[in-house]
Structures are given as structure tokens and as C-alpha cells.
**Student:** 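Before I ask anything, let me first share the structure, which is written out below as C-alpha cells.
Given the structure is predicted, the values throughout are model-derived calculations rather than measurements.
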Number of protein chains: 2
Amino acid sequence: MKKRNEFSGCTISSYEGSCLDKLSEDEKQLIENHSVKIKYKKGEVICKQGGFVSQVMLMNKGLAKVYIDNGTNSLLLRMIPNGSLIGLSSVSEAYPTFPYSAMTYVDSEIIQIDVKIFRKLIAQNTEFAKEIINILSSNSIQIYGRFFCLTYKQAYGRLADIILCLSDKIFMKENFNLPLSRKDIAELSGMSSETVVRMLKKFNEEGLIKMNGKHLEVLDADSLQRISDTG
Amino acid sequence: MKKRNEFSGCTISSYEGSCLDKLSEDEKQLIENHSVKIKYKKGEVICKQGGFVSQVMLMNKGLAKVYIDNGTNSLLLRMIPNGSLIGLSSVSEAYPTFPYSAMTYVDSEIIQIDVKIFRKLIAQNTEFAKEIINILSSNSIQIYGRFFCLTYKQAYGRLADIILCLSDKIFMKENFNLPLSRKDIAELSGMSSETVVRMLKKFNEEGLIKMNGKHLEVLDADSLQRISDTG
DNA sequence: AAAAGTTATTGACATAGATCAATTAATTTT
DNA sequence: AAAATTAATTGATCTATGTCAATAACTTTT
């Protein structure tokens, strides 16, 4: 029997693979002909909440965040690692504008695909459409988990979550250089940057992580997991 | 130019109409042949988080909530008014279990539709598939708003949001008998029931609402809206 | 390499709203 | 309709984090 997944603040969706695999050679060529590859520098805005969507964007190489804001506060919804799409909710003609903004964390390479082509392919290829439904569903499920986590977990648990997410899902090693500022981590874990600093220090003192400026090493993933579960 | 929508904690998705309208007569008949109408009493569980999905459910008459919980805490994701679907994320074979639970607020009538039929129709009718994508997108957008609201608005703003949502979207009059307990309202607006009581009392004293036990009347929607925006 | 600007760290303090406890009101069961 | 149960209200208290202010440590620009 499968263990019931607990909710985590983790910021990447569980969908694996690529919807593009479901396309025929002709269809792939069509996408090819209607897409361009663009380079973004670290910290550049990829799309703006409220703006018209004309392309769906595929992260080819890099890392970005998707967030909503009202001018005063900003809420990070999810991260975009390699292979993830941005702007999918707008394949519905009913939602022609981005419901969120996106910004790169590091220098990134993004493939822009004409959203009209996306819509056409959905209308002609049901396997592709099913795959889009899969992605939308997995995005929803990820958001539910993050929503629950940010609403009910205490700050230590949320921070532990994010450290584990970075190590397990994003960098896939327990030892990495953070391309994120303390403020970024604060945004990820839904707390103030001062609180992040204090709590990272505590984790460090307790031997759960080894932290030196931008360098982070997970020493005791089990304990972090326990804090995430309890917190 | 359209005014940019602000985020609200409102709990129903903006999708209007019915995906079933996109079906042919034959397809409608197919649904008809593979669905049953079920009556639920107030407070009954419609589906359980983690359980297998075998039917997609359509609220025919009544009101329900969709929520996730971990045994200790419960987070209300959205309300299900007439015409809304439950269990849509599971039309993907990749997600065969409910990611949430649902429970009726009042006596309700629900149409259960075999999920296999739903999947078949998605695979054969692209208009229908597009409509499902529309619904999933609008659900996501609603959740983003609620997520933002519960994370950043203060309690007064969240409560004002919910009162307006109940009056505008659910009961569609400024004068209604609440079928919800204080605890339900607390869950909707993400706070403790004691805080709900105190704040409703305050709104009442200030003449924004008229409240008498279960009966609620919105007296000053503009001020409530202002509190929602500011809070 | 000095100056200017930005980000990280630490400490002190404030507070929104949760929790706990007690009372009253409403509803359900006997 | 009395008793028992559940829900609503009120008051008192507590606390996890945010906010503000002051350095300290980096980074970038000159």
C-alpha cells in the first residue's frame, strides 16, 4: 500500500516527462517552426501578471519562479526547473492574460512557443490534450500542498521543507551553491528574511545543515524531514 | 481597459456554463447511461482525500466544500455550488485518487458520472477536452487568489471577502439565512471561530452588516469591499 | 583600493490572532 | 418540558513572527 503523501511547501510540480513527446513528427516540426529560443539574464522578468499571453514558454536551461503580487506583497507559487512550462493556463482562450509573473533566478534559456499553435495542437491531438490536462492537474495538486504548508506549518517546518526541496528536487545533491538570496528563501518559505537568517543559523548550530554564505550542505535530512512533518 | 482583478479569498471559481454543453446528443446519452443521481444529507462526506476516484461528481442542487486535511488541520480550497464538478483532477489516469475531500453544507443532490466515460469523451471530443482545460484553468486561478488572500490579508479583510462572496456569488442576495456555523465561516476565512465571532460583532456594531444568529444582511457592501481591499 | 551600494546578521520590541477557560444560548434527545 | 449535548459568545492570556534599527559583511562601481 502506498504511503499517503503529506503536504509539503515544495515548489515544483510532480509531472515528469514532456507533453511534446505526444506529438507526431509533423506536429513537432510545426512547433519548431513557430518557436524561438531566448536567453534571459538572472533576475529578468519573463512574463508579467495581467499581460497578454502570446507564447507558452518552456524552460530549456535555468531556473525561475512564478509568483503573484499586488504591489505590496508577493506570493511565490512555484519554481520552474528545466522542462517546465509557463503560461499553460492561457491555452484556454477564456484566459488570454497571465495570472502570474515569472522571473529568472539564474541566467536561463527559454523556448517561446506561439500559443495559437498550442491551441491548435490541443484541438487536433487528443493525446496531447490529455497530457496538458495531466500537467494542469499536477500543478493544482502541487499548489494545494504548498497552500496547506504555508497556511498551517510553522516557520521551522516551512524552511525545512524548502531546504529539502532545493536539495532533492532542484539541485539533486546535498551539497550546493545557492543562487538564491536570503530574501528569495524568505519568499519561498513564506516568512521574513530576518527570520530565515535566524532559523538557518539555528539549523546550522544544531548540525542539521552546514552553511557558509551561499554554500549549503544538508547534513541530516531525516531530522529536517521530521521538522517538516511536525512543524 | 479592464480593471485588473484584485485577489480575493472567494471560494468559487469563475467558470460559467457547463462542459456538458459541448457534447453531442449521443455523447450526452452515454453520460446519462453511466451516471446516477444521489442525495446527500447536510454534513455528509462526498469523497475522501486519498480514496480512489471512480466517478466525477456534478453538484445538481446544494452546496458543498472541498478541503484538504492532515488529521490536525483542515484547509478549505473551494466551495461547490450548483453546476460545479468535483474530482476533475482525476480525469488524468496519472491521478487516480482524490487529492481532497468534499462534504455537503446542506442537503444536496449530486450526479455521479463514471470517470471512465469522462476520460473516453476527452479522448474523442476535443471541444469537450478544451472545456475541461478551461475549468481546470479557472480552478487554478481561483486557488491562486484564495492562496494570496489567506497568506497576506489580515483577518478583517478575509472575513469581509467571505461575507461578500456568500452574498454575491453563493446566495446572490444581500439578505440570507446562513446554513454555515461559526466554525464553517472560520474555516472559510482561515481563522479561529472565536475571532470570527468577535469580528462579526464588530462589523455588526459598525453597521456594515446586520446579524442575528443565523440571519445575515449586508448593509454596506462598499465598506466591506474597502476592508477587503485594504485588509 | 577606496567609496558607494547592497545584502546579511543581530538585537530589541510590538502585535495580530491563537489558545484556553468559563458562561450563555440553542438544539437535540430522552 | 427537562436533561443532555453542541454551538456561540466573552474575557484573559500567550506566543510565534513580523517590523524597525543598527551594524557587519560582501559586491560593485569609481
**Student:** To the nearest angstrom, how far is Y152(B) atom OH from dG18(D) atom C1'?
**Tutor:** 12 Å

**Student:** Residues of residues 198-215 of chain A with any non-hydrogen atom less than 4.0 angstrom from an atom of DNA chain C: list those, numerically ordered, please.
**Tutor:** R198(A), K201(A), K214(A)

**Student:** What nucleotide, of dA18(C), dT19(C), dA8(C), holds the atom closest to the side chain of R158(B)?
**Tutor:** dA18(C)

**Student:** Over the length of the helix from dA1(C)-dT30(D) to dT30(C)-dA1(D), how much do the five-pair end axes diverge, rounded to 10 degrees?
**Tutor:** 50°

**Student:** Looking for any heavy atom pair under 4.0 Å, which part of the strands does Q154(B) touch: base, sugar-phosphate only, or nothing?
**Tutor:** sugar-phosphate

**Student:** Roughly, in whole Å, what's the span from CG in L180(B) to C1' in dA7(D)?
**Tutor:** 14 Å

**Student:** Using whole Å, report how far CZ of R182(B) lies from P of dT27(C).
**Tutor:** 11 Å

**Student:** Separation of L150(B) atom CG from dA16(C) atom P, in whole Å?
**Tutor:** 19 Å

**Student:** Choose from dG17(C), dT9(D), dC20(D) the nucleotide whose nearest atom is closest to any side-chain atom of V197(B).
**Tutor:** dT9(D)

**Student:** Which value, rounded to the nearest 0.5 Å, describes the distance between Q112(A) atom CD and Q55(A) atom CD?
**Tutor:** 4.0 Å

**Student:** Please determine whether side-chain hydrogen bond (donor to acceptor under 3.5 Å, both in side chains) holds for the pair S74(B) and D69(B), giving the CA-CA distance in whole Å, both sets of side-chain angles, and the decisive distance to 0.1 Å.
**Tutor:** CA-CA 4 Å; S74(B) 160; D69(B) 78 281; 5.7 Å; no

**Student:** side-chain contact (heavy atoms from CB on, under 4.5 Å), that's the test. Do L77(A) and Y67(A) meet it? Break it down for me.
**Tutor:** CA-CA 5 Å; L77(A) 296 173; Y67(A) 59 99; 5.7 Å; no

**Student:** Using a strict 4.0 Å threshold on nitrogen-to-oxygen distance, state whether R198(A) and E194(A) make a salt bridge.
**Tutor:** no

**Student:** What's the CG-P distance between D184(B) and dT6(D), to the nearest Å?
**Tutor:** 16 Å

**Student:** When you check the side-chain N and O atoms of S13(A) and S138(A), is any donor under 3.5 Å from an acceptor?
**Tutor:** yes

**Student:** Ring centroid separation for F52(B) and F98(B), is it under 6.0 angstrom?
**Tutor:** no

**Student:** Within this structure, what is the NZ-to-C1' distance between K183(A) and dT6(C), rounded to whole angstrom?
**Tutor:** 11 Å

**Student:** So, is the end of the R78(B) side chain (NZ or CZ) under 6.0 Å from the ring centre of Y100(B) and within 45° of the ring's axis?
**Tutor:** yes

**Student:** Taking only the side-chain heavy atoms of E194(A) (C-beta and beyond), determine which of dC20(D), dA8(D), dA8(C) contains the nearest atom.
**Tutor:** dC20(D)

**Student:** How far apart are the C-alpha atoms of D184(B) and S181(B), what are their side-chain angles, what is the distance that settles it, and do they pass the side-chain contact (heavy atoms from CB on, under 4.5 Å) test?
**Tutor:** CA-CA 5 Å; D184(B) 289 327; S181(B) 69; 3.3 Å; yes

**Student:** Would you mind reading off the distance between L159(A) atom CG and dT17(D) atom P, rounded to a whole angstrom?
**Tutor:** 11 Å

**Student:** Does a side-chain N or O from S192(B) land closer than 4.0 Å to OP1 or OP2 of dT19(C), or not?
**Tutor:** no

**Student:** Which nucleotide in the list dA18(C), dG17(C), dT17(D) gets nearest to the side chain of T195(A)?
**Tutor:** dT17(D)

**Student:** Have S192(A) and T195(A) got a donor and an acceptor in their side chains that come within less than 3.5 Å?
**Tutor:** yes

**Student:** What is the distance from CG of L178(A) to P of dT7(C), rounded to the nearest Å?
**Tutor:** 15 Å

